[in-house]
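Accompanying notes for the structure given below.
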Amino acid sequence: MAQSSVEDAVLSYLQTHEEIPNSEEFAVSEQLDHTELLNVIKSLNGFGYVEAKDIKKETWVLTDEGSKYANSSSPEVQVFEAVPLEGIRQDQLEAKMDKQVFSIGKNFALKNKWLSLSKEGNVPFYRRMVEQVQDIIKEQLLAAKNGKDIQNVDALKKRTLIKRQTWKGFSVRKGPNYAPQRSKPATDLTRDLLQKGNWDNVEFKDYNFSALGQPLECGHLHPLLKVRAQICKIFLEMGYEEMPTNNFVESSFWNFDTLFQPQQHPARDSHDTFFLKVPATTQRLPEDYLERVKTMHEVGGHESIGYGYDWKRDEAEKNLLRTHTTAVSTRMLHALAQGEFTPKKYFSIDRVFRNEAVDRTHLAEFHQIEGLICDRGLTLGDLMGVLNEFFQRLGMKKLRFKPAYNPYTEPSMEIFSYFDMFNKWVEVGNSGMIRPEVLLPMGLPKDVSVIAWGLSLERPTMILYGIDNIRDLFGHK
Amino acid sequence: MPTISVGRDLLFKALGRSFTDEEFDELCFEYGIELDDVTTEKAILRKEKHISEEAQEDEEIIYKIEIPANRYDLLCLEGLARGLRIFKCAEQVPQFCVSKISAASMIKMEVKAETAMLRPFVVCAVLRGVTFNQARYNSFIDLQDKLHQNLCRRRTLVAIGTHDLDMLQGPFSYEALPPSEISFIPLKETQQFTAEGLMEKYKADMKLKKFLHILEGSPVHPVIFDSKRRVLSWPPIINGAHSAITLDTKNVFIECTATDLTKAKIVLNTMVTMFSEYCKNKFEVEPVEVVAANGVSTVYPDLSSRSMEVPLSYISGSLGVALKAKQVVQILNRMQLLATESSSQEGPDPVIHVKVPPTRSDILHPCDVMEDVGIGYGYNNIKQTTPKCVTQGKLLPLNDFSDSVRVEVAMAGFTEVLTWILGSHEENFDLVKRKSDVAVTVGNPRTSEFEVVRTSLLPGLLKTLGHNKDHPRPVKLFEVSDVVILDPSKDVGAKNERRLAALYCNANSGFEVIHGLVDRVMQVVGIKTVPTGDDSGYFIQPSEEPEFFPGRQASIICKGSRIGTFGIVHPQVLQNFLIPDPCSIMEINIEALL
């Protein structure tokens with residue numbers, strides 16, 4: 001039955017009657033569900049339509065065991081009736097009935113002196129001591145079941161045949177706001193109200209201003225990529241052009257050799273780099289440039305002494321998943337060197353790959369942010385000025401620079417930013433001026449310098465958003 | 001970056017003053033090294049063994065310091081303290097020299113031709129009248145360890161052997177013999193083994209087993225003998241016990257065998273320049289003549305300084321700081337580079353003459369000198385400027401386009417995910433019922449998670465859903481990212497392709513929703529729907545892809561070519577990704593729409 005009709009039943013009954021003395025009896029007579037009735041009474045009571053008083057009653061109900069005996073008979077009676085007039089051996093008696101019934105029943109039957117137990121040639125033997133018995137236990141249980149008063153409550157309780165249950169109900173009278181029909185305050189201005197035109201004499205329920213609004217169903221962009229967009233914007237504002245970094249597969253040549261990274265450099269270990277089985281090697285390399293790179297590694301040139309080792313083409317041809325987007329920067333700078341020189345500012349933000357064990361702060365894949373300026377006469381002071389401008393816009397206002405080592409930049413600087421929330425300087429990126437050993441074999445004019453810097457997209461995002469596990473930021477989980 | 005551990009008190013004693021941890025950290029920052037950790041020997045042990053036990057007050061404090069990877073001269077307490085003392089003007093750059101002894105009295109090392117097969121080079125030197133104590137001895141061993149780990153690439157390029165010269169009798173010979181014929185008592189043992197036997201024995205040795213691969217399978221092994229055929233070392237694995245260094249050793253014979261001569265010389269120079277500090281004649285090293293198989297003889301070590309002429313204008317111009325020649329000279333001397341203002345080049349642009357000592361193998365080009373001037377001047381003292389070049393900001397058209405597609409799909413109520421480009425072979429192929437296995441394949445994956453570069457975005461979306469099963473329905477996900485496909489026309493043999501994939505999951509499959517999204521994307525990029533067969537726009541036609549449910553899937557044909565598919569995900573695929581509810585999914589190549 002719908003809630004409103006239960007409500008109607010209560011309210012209209014009270015219109016003609018002083019009181020509903022007992023909600024349960026009312027439920028029975030009106031054919032209502034008692035639980036539902038209780039809810040309706042509570043609600044009406046809350047709004048003052050009625051005044052409800054708790055009534056409590058304690059009743060006895062049968063336990064599972066008790067109701068079993070009420071349906072058949074008590075165990076002592078069952079045992080008594082199983083003993084024939086001529087008596088019976090214990091093993092035979094036991095075999096005739098349920099084990100549990102026997103063990104409980106025999107004790108009470110003996111205690112009641114209904115049966116006697118004696119030894120007949122070393123065998124326990126039961127005989128009747130009375131002719132017939134009355135099953136008082138069963139009678140009491142049936143009485144309790146029907147809600148009637150019972151006498152030996154304690155005995156039944158001790159044998160856990162009955163248990164106490166509290167019954168709750170209400171007695172109901174008219175309340176201060178009684179009305180034969182409940183008027184529900186409106187929660188919202190609806191089309192119906194507008195059409196009926198009665199919106200100005202409808203009572204509106206108070207809005208719960210401390211609760212949250214309804215969650216919206218909407219689409220989302222990924223938070224890390226939102227930060228990417230933010231940083232992209234900074235680069236654009238500063239006049240940088242985006243590099244085509246959509247090539248994850250790279251050769252060792254462009255990833256390492258062109259960057260004057262010697263072939264025995266630890267970064268070129270399989271511990272750090274994903275080398276490829278398919279396609280294992282690169283098919284074409286720019287031959288004249290390759291010769292100049294080889295010479296630079298082996299014996300140097302342009303005032304450098306080189307590394308003094310046997311440079312191997314095989315090593316340069318090995319394909320890999322790029323370990324940094326700087327591989328793209330070298331391609332761009334090499335391409336730039338092929339024409340008449342014009343100053344350039346380049347940037348990229350894209351995926352790089354490291355063969356590292358994944359943990360809270362390390363991923364095998366992450367995003368590298370890279371920026372570089374290529375022009376005549378750039379200085380280390382310029383690099384620091386640019387970095388300051390860039391990081392300011394990222395919200396990192398206090399920077400300082402630490403000397404560092406990187407095979408393809410000299411000078412090299414680690415960038416530290418001070419964070420009030422950590423109360424310390426935290427490394428946020430790496431930077432430097434690209435070595436002449438990298439630039440001159442490309443064919444760039446001698447007076448052209450390149451200042452460059454890189455950082456991961458994940459690290460500033462984690463710091464700025466207070467995320468401490470990188471895996472919360474990225475991946476399928 | 002290598003990290004070295006030095007006793008704090010020993011270091012402060014060597015520096016002639018003490019610092020608070022903060023002060024020392026600041027000094028490191030300025031010099032370009034990093035105070036990584038302040039700990040104690042016992043704390044390290046406790047950490048290793050996970051013991052929680054109160055620290056004792058008398059434990060020696062250890063500084064763990066990170067050293068730039070090209071500064072081998074800072075890898076031990078001696079070099080680090082020397083570097084910092086000179087940096088703080090407490091000491092002059094030392095002048096290393098090779099002792100002048102007659103050719104006849106010079107110790108010889110003869111190289112046999114067979115060594116060329118696997119480890120062709122050897123360089124040697126002698127330190128005379130060394131005074132060791134426990135701390136110096138430990139440092140001597142630690143430096144060899146650090147060099148072996150870094151510059152020597154775990155002994156593949158160079159291996160160092162150090163010996164008590166008084167236990168040996170020159171001349172020495174560097175040979176290559178079958179392992180069964182090399183027999184000696186190795187360090188830490190008391191009985192004789194053959195090299196063959198040791199190859200077996202050391203397979204169980206945690207430290208040495210890592211180096212066995214260098215010799216494995218070679219018919220001959222390198223070995224160094226003295227004139228009485230006593231084995232000095234079996235490089236690069238272990239030395240003989242006979243000539244082991246002790247605290248009482250006075251005269252040290254150092255040999256470095258190598259596959260890379262340049263690095264062997266750097267290693268030898270590093271060893272002798274660091275520890276000649278404890279020689280009777282400080283910073284003096286006794287030379288050894290190495291006679292190659294072809295009879296050519298070379299004397300090692302070469303401790304000569306390399307000269308460089310660096311114009312002042314180059315230094316000032318690169319750093320962006322106007323410096324006087326005198327200032328630059330002072331700074332360089334503090335950075336262990338002996339500099340003078342070149343007397344021949346007076347005038348508007350003075351030239352700085354720099355003598356690069358044998359300790360500074362990291363100086364390859366004048367830019368390295370310029371950097372040292374920058375460090376000595378203090379990076380943070382350099383005035384920051386703004387480059388003057390004018391350039392235009394530009395987005396890569398493909399990325400710009402991808403971003404607009406991303407925004408449109410998000411506005412259609414889909415949530416963006418960011419998944420891995422690497423994945424297992426199984427999830428890229430078998431789990432989506434694909435037969436082909438053509439994909440960029442990693443040769444050295446650490447785990448199955450990094451086997452192949454994805455050729456489709458679908459597994460990533462399905463995996464994401466499988467891991468977020470309890471998310472309220474409907475689930476609407478998308479990703480715009482690259483897959484990689486093999487392409488022989490590219491120099492590297494592969495190319496990226498930008499894709500859009502989207503997934504819908506609910507109590508029903510939402511096939512029409514995904515179909516609607518396809519239409520919406522095509523609408524916003526301005527491609528109109530056309531009847532089947534018309535090449536001026538796009539249409540869809542039934543397809544038969546294994547990952548989709550038969551009869552509820554279609555190819556998207558745009559201007560005559562197939563650019564993508566969509567469909568209800570095949571129930572078996574759903575099961576493979578542990579997804580309990582039906583899904584529809586689409587994937588298109590958006591580069592084709594650009």
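Source: prediction; values computed, not measured. As a basis for the values below, the full set of heavy atoms in this structure was taken, side chains included, without hydrogen atoms, waters or symmetry mates.
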Contact part of [X] toward chain B, heavy-atom cut-off under 4.5 Å: side chain, backbone, both or neither?
X: A:D375; value: side chain
X: A:L383; value: neither
X: A:R400; value: both
X: A:L221; value: both
X: A:F347; value: side chain
X: A:F401; value: both
X: A:E237; value: neither
X: A:F353; value: side chain
X: A:F260; value: side chain
X: A:L276; value: both
X: A:M384; value: both
X: A:L285; value: neither
X: A:T281; value: backbone
X: A:E389; value: neither

### Task
Applying side chain to side chain contact (heavy atoms under 4.5 Å, CB included), run through B:V492 and A:N247 and close with a yes or a no.
CA-CA 9 Å; B:V492 294; A:N247 59 326; over 6 Å; no

Identify which part of [X] has an atom lying under 4.5 Å from any heavy atom of chain A, answering side chain, backbone, both or neither.
X: B:T447; answer: neither
X: B:D372; answer: neither
X: B:R154; answer: side chain
X: B:A412; answer: neither
X: B:Y379; answer: both
X: B:E497; answer: neither
X: B:F478; answer: side chain
X: B:T259; answer: neither
X: B:V321; answer: neither
X: B:K490; answer: backbone
X: B:V440; answer: both

### Atom pair CG (B:L418) and NE2 (A:H222), whose distance is rounded to the nearest 0.5 Å
4.5 Å

### Query
Between atom CZ of A:R351 and atom CD1 of B:I421, what is the distance when rounded to the nearest 0.5 Å?
3.5 Å

### Message
Can you tell me which of A:E356, A:K402, A:R284 forms the most heavy-atom pairs within a distance under 4.5 Å of chain B?
### Response
A:K402

### Message
Can you tell me which of A:N406, A:V386, A:N319, A:N355 forms the most heavy-atom pairs within a distance under 4.5 Å of chain B?
### Response
A:N355

Heavy-atom pairs under 4.5 Å with chain A: which of [options] has the most?
options: B:D260, B:T386, B:N70, B:N399; result: B:N70
options: B:I375, B:V484, B:L422, B:T262; result: B:L422
options: B:K476, B:K383, B:R406; result: B:R406
options: B:L395, B:D482, B:L477; result: B:L395
options: B:L398, B:I382, B:V407; result: B:I382
options: B:Q392, B:R446, B:K495; result: B:R446

Has [X] got a side-chain atom pairing as donor or acceptor with [Y]'s backbone, closer than 3.5 angstrom?
X: B:T391; Y: A:G239; result: yes
X: B:E371; Y: A:S412; result: yes
X: B:N444; Y: A:T273; result: yes
X: B:T385; Y: A:D382; result: yes
X: B:Q384; Y: A:N388; result: no

### Query
Charged N to carboxylate O below 4.0 Å: is that the case for A:R435 and B:D368?
yes

### Salt bridge present between B:R153 and A:D269 (N-O < 4.0 angstrom)
yes

Would you mind reporting whether [Y] and [X] have side-chain heavy atoms less than 4.5 Å apart?
X: B:F29; Y: A:W425; answer: no
X: B:H365; Y: A:P436; answer: yes
X: B:C389; Y: A:K345; answer: yes
X: A:E410; Y: B:D362; answer: no
X: A:S251; Y: B:D491; answer: no
X: B:R306; Y: A:I305; answer: yes

### Task
Check the pair A:Y405 / B:I67 against side chain to side chain contact (heavy atoms under 4.5 Å, CB included), numbers first and verdict last.
CA-CA 9 Å; A:Y405 168 67; B:I67 307 291; over 6 Å; no

### Summary
Correct closest heavy-atom pair for A:L378 and B:P387 would be CD2-CB, 3.8 Å

### Query
So which heavy atom on A:C218 is nearest to which on B:T415, and how close?
O-OG1, 4.1 Å

